Amino acid sequence: MADPIWTKRVPARLEPAYLLSSQQAFVGFSQQALSKRPELAQLRASGEMQRLAGMYKPR
């Protein structure tokens, strides 16, 4: 089931972005956040979250 909050906000097709600058960032999710958003837990368990993070490593 799609997340009703984000379904309305994310376009069906994402266009590639232009890189103007880059900065290192860290993203973390608490166990509470993972329990409220099963989609995040699925992404983490499947390895998809790690794969996506690997796509955007600094050059």
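The structure displayed is predicted, hence computed values, not measured ones. All values below were derived from every heavy atom in this structure, side-chain atoms included, with hydrogens, water molecules and symmetry-related copies excluded.
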Discussion item. Rounded at 0.5 Å granularity, tell me how far CD in Glu48 sits from CD in Gln42.
Written reply: 11.5 Å

Practice prompt. Drop me the distance from Phe29's CZ to Leu34's CG, to the nearest 0.5 angstrom.
Written response: 7.5 Å

Worksheet item: Name the one of Arg37, Met49, Arg51 that satisfies side-chain contact (heavy atoms from CB on, under 4.5 Å) with Leu43?
Response: Met49

